[in-house]
There are 2 protein chains.
Amino acid sequence: MFIEKKASFDEGPAAGGFDNDRHRSRYAGTRVRAPVDDSAWTRYRASPRARLDRHDAHSVLFREDDAASHLYEVVSGQIMLYRLLGDGRRQVVDILGDGDLCGYSLTGLYDCTAEALTPAEVRVLDRRDIDQSTELLAHVNRCLLTRIEALHSHAVLLGRKSATERVASFLMRFVPGRGVVGCIGPERHGERHSADTELVLLKMTRQEIADFLGLTIETVSRVLSDLKRRGIISIERNDRIRLVDVCRVCKMTGIH
Amino acid sequence: MFIEKKASFDEGPAAGGFDNDRHRSRYAGTRVRAPVDDSAWTRYRASPRARLDRHDAHSVLFREDDAASHLYEVVSGQIMLYRLLGDGRRQVVDILGDGDLCGYSLTGLYDCTAEALTPAEVRVLDRRDIDQSTELLAHVNRCLLTRIEALHSHAVLLGRKSATERVASFLMRFVPGRGVVGCIGPERHGERHSADTELVLLKMTRQEIADFLGLTIETVSRVLSDLKRRGIISIERNDRIRLVDVCRVCKMTGIH
DNA sequence: CGGTGTTTTGAGGGCTATCAATGGGTGTGG
DNA sequence: CCACACCCATTGATAGCCCTCAAAACACCG
């Protein structure tokens, strides 16, 4: 189910895939967020105590049960968090993008492993600095709440959705402003009733997708093939999937 | 899968079930927490702006998509958080006990429904008060981190564990200090090598357990019957389950 | 002691995992 | 430039776990 990977999987310099607007949730089942002022956070990030690290794809930031020393803020790229069971089963519990935090710990040990999905930049922060400012703490608070909402959505996906619904939900993650509660719908989206289509650039292997969705690699593959056969998506390359009709994919997520 | 419930399910006055020591995680796969000083929080709770509400079992504190007005702290009893899919499938995403917080929102809408599992007391807090104190914010942050760790564990359970492993993990929630990383083990636990047994008082119906574990009511029932047949547990009443050999249950959680 | 709601048990089927083989893309070396 | 190797993804066959539907057993209550 989980095999340690070393090979790099086609990382173009355009490491997009995720929409970077953090104030707009993209995950099917979550909500659109209100904008907030985090200027204090921006100032803190620029302070000399905050170091910037670069990671290659598949580089490990920290490992489950390592001593938790730092807090990390994703500046660019994507980071996945996962846990392992004793026999090697893996569950990707979260996927982080621009502005998200990880590495916080109550126990002194990291509760999961953090691994870069793409080349990534992370700011390494000192917890003690943050604890002295209400503005910084409030920012961290908002980040944690964002994670909690995402984890709630993910629990629904893992506990109650079929394989097709999981894959559809996963694909909808990459469509900005759609598949969320208060979805703007296909009509108002494109200019002048253009085709409701979207190109998704996956930055994950089938194995990583499967471990995120609580499925096997074969099932993910089968579902994608089935969606392709039905003309709902077209697979232009393994990591380039076109949603031919976004609304149709959205309707398959199970949230309606 | 989910039927609206009204009937009360045997709520004794001894609404225990969960261990109330928040500084010790009990959920299989999570870690033991370090104690922290939250005296500022204690003072704030006592302030006149913090109201105390009482809820009966199955009373709803707030509903998914309601306007989020307040923050809630569980004082006594247990609260479950759940989300519904359009066709009525339900997933219980979290179960809260003494000291846990819920009701925070970034979007202005609650992202899930909160319902009392037992008679419960909740303190209704004002977000604006908290946002002005580093100590209060730090306390909230710790509470949120606790939830995130629990949600990570739950994602592993929902995504990668078998029905038996899920039920075993669920039962181990109720055994203080066991089934966590750094588990004290059977030898050092009892005084003078007493039987490694534990009585679990469930405050949830089979339906609620099933919706928490991402299973059906029938599967939960079948697993429990099977464990009983094998002598691993004994069901003294529907809501009283004796773990005959805690260590054996622990080994079935899948975390080893 | 029936009535109601919950839990257990049974039979059967569907969905997803498992095991195995094939296909395809990329990089390397002759 | 092609052959080969390697890794990843796809496809196929089969098995098994858990869900669904149905009925019986049980608990609680008036």
Side-chain angles (χ1 to χ4, degrees), chain A residues 1-12 57-58 85 87-91 117 157-168 202-211 213-229 233-241 252 254, chain B residues 1-12 57-58 85 87-91 157-167 202-211 213-229 233-241 252 254:
Chain A
M1 188 162 285
F2 167 54
I3 308 113
E4 193 86 33
K5 273 176 285 295
K6 295 271 183 274
S8 71
F9 181 76
D10 178 36
E11 313 299 343
H58 304 109
L85 290 175
D87 58 2
R89 279 175 287 179
R90 180 172 76 159
Q91 179 63 48
L117 281 169
L157 181 145
L158 294 172
R160 289 302 182 203
K161 289 191 183 179
S162 70
T164 306
E165 289 169 338
R166 294 183 201 200
V167 172
L202 296 181
K203 295 297 169 187
M204 302 167 73
T205 65
R206 295 288 186 271
Q207 184 66 67
E208 287 156 353
I209 296 170
D211 286 347
L213 299 180
L215 300 169
T216 60
I217 195 172
E218 295 95 332
T219 300
V220 171
S221 182
R222 261 184 264 270
V223 169
L224 288 173
S225 298
D226 184 56
L227 293 178
K228 183 174 74 176
R229 208 172 303 118
I233 64 171
S234 69
I235 301 177
E236 308 189 348
R237 230 175 52 193
N238 273 342
D239 59 345
R240 295 171 65 90
I241 295 184
M252 303 179 74
Chain B
M1 190 162 283
F2 167 55
I3 308 112
E4 193 86 31
K5 274 177 285 294
K6 295 269 183 275
S8 70
F9 179 76
D10 178 35
E11 313 297 342
H58 303 111
L85 290 175
D87 59 1
R89 281 175 286 178
R90 180 172 74 161
Q91 179 63 48
L157 180 145
L158 294 172
R160 290 303 181 202
K161 290 191 183 179
S162 71
T164 306
E165 289 170 337
R166 295 184 201 200
V167 172
L202 295 181
K203 295 298 169 187
M204 302 167 74
T205 65
R206 295 287 185 272
Q207 184 66 66
E208 287 156 353
I209 296 170
D211 287 345
L213 299 180
L215 300 169
T216 60
I217 194 171
E218 295 96 331
T219 300
V220 171
S221 182
R222 262 184 263 269
V223 169
L224 288 173
S225 298
D226 184 56
L227 294 178
K228 183 173 76 177
R229 210 171 301 118
I233 64 171
S234 69
I235 301 176
E236 308 188 348
R237 229 176 50 193
N238 272 343
D239 59 345
R240 295 170 63 90
I241 295 183
M252 302 179 73

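The sequence lines fix the lettering, A, B, ..., with proteins before strands; numbering per chain opens at 1.
- The 5' end of DNA chain D is approached more closely, in terms of each residue's nearest nucleotide, by V223(B) than by the other of E218(B) and V223(B).
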Pairs under 3.5 Å (N/O, protein and nucleotides 14-16 of chain C):
unit_1, atom_1, unit_2, atom_2, d
dT16(C), OP1, A163(A), N, 2.9

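- Contact annotation: the side chain of L85(A) approaches that of K161(B) to within less than 4.5 Å [non-hydrogen atoms, C-beta and beyond].
- Across all strands shown, S225(B) has heavy atoms under 4.0 Å from sugar-phosphate atoms exclusively, and none from any base.
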Table of protein N/O atoms under 3.5 Å from nucleotides 21-25 of chain C N/O atoms:
none

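- The only option from K228(B), R229(B), R222(B) that meets the salt bridge (Lys or Arg N to Asp or Glu O under 4.0 Å) definition with D226(B) turns out to be R229(B).
- One can find a donor-acceptor pair under 3.5 Å joining the base of dT20(D) and the side-chain atoms of R222(B).
- With values rounded to the nearest 0.5 angstrom, R240(B) atom CZ is found 13.0 Å from I235(B) atom CD1.
- With hydrogens and angles ignored, no donor-acceptor pair closer than 3.5 Å exists between the side chain of R229(A) and the base of dT11(D).
- Within the 4.5 Å cutoff, the side chain of R206(B) has heavy atoms near those of the N238(B) side chain.
- In this structure, D239(B) places its CG atom 12 Å from C1' of dT7(C), rounding to the nearest Å.
- Within the 3.5 Å criterion, the main-chain N or O of I217(B) finds no donor-acceptor partner in the side chain of S221(B).
- Contact check for R160(B) versus E165(B): no side-chain heavy atoms found under the 4.5 Å cut-off.
- Between D87(B) atom CG and dT20(D) atom C1' there is a gap of 14 Å when expressed in whole angstrom units.
- As a whole-Å value, the separation of R166(A) CZ from dA17(C) C1' is 12 Å.
- Every residue two or more places apart in sequence or in another chain that forms a side chain to side chain donor-acceptor pair (under 3.5 Å) with T219(A) is listed here: T216(A).
- Residues H58(B) and E208(B) have side chains in contact (heavy-atom distance under 4.5 Å, counting atoms from C-beta outward).
- For S221(B), the side-chain atoms get nearest to dT8(C) when compared with the rest of dT10(D), dA9(D), dT8(C).
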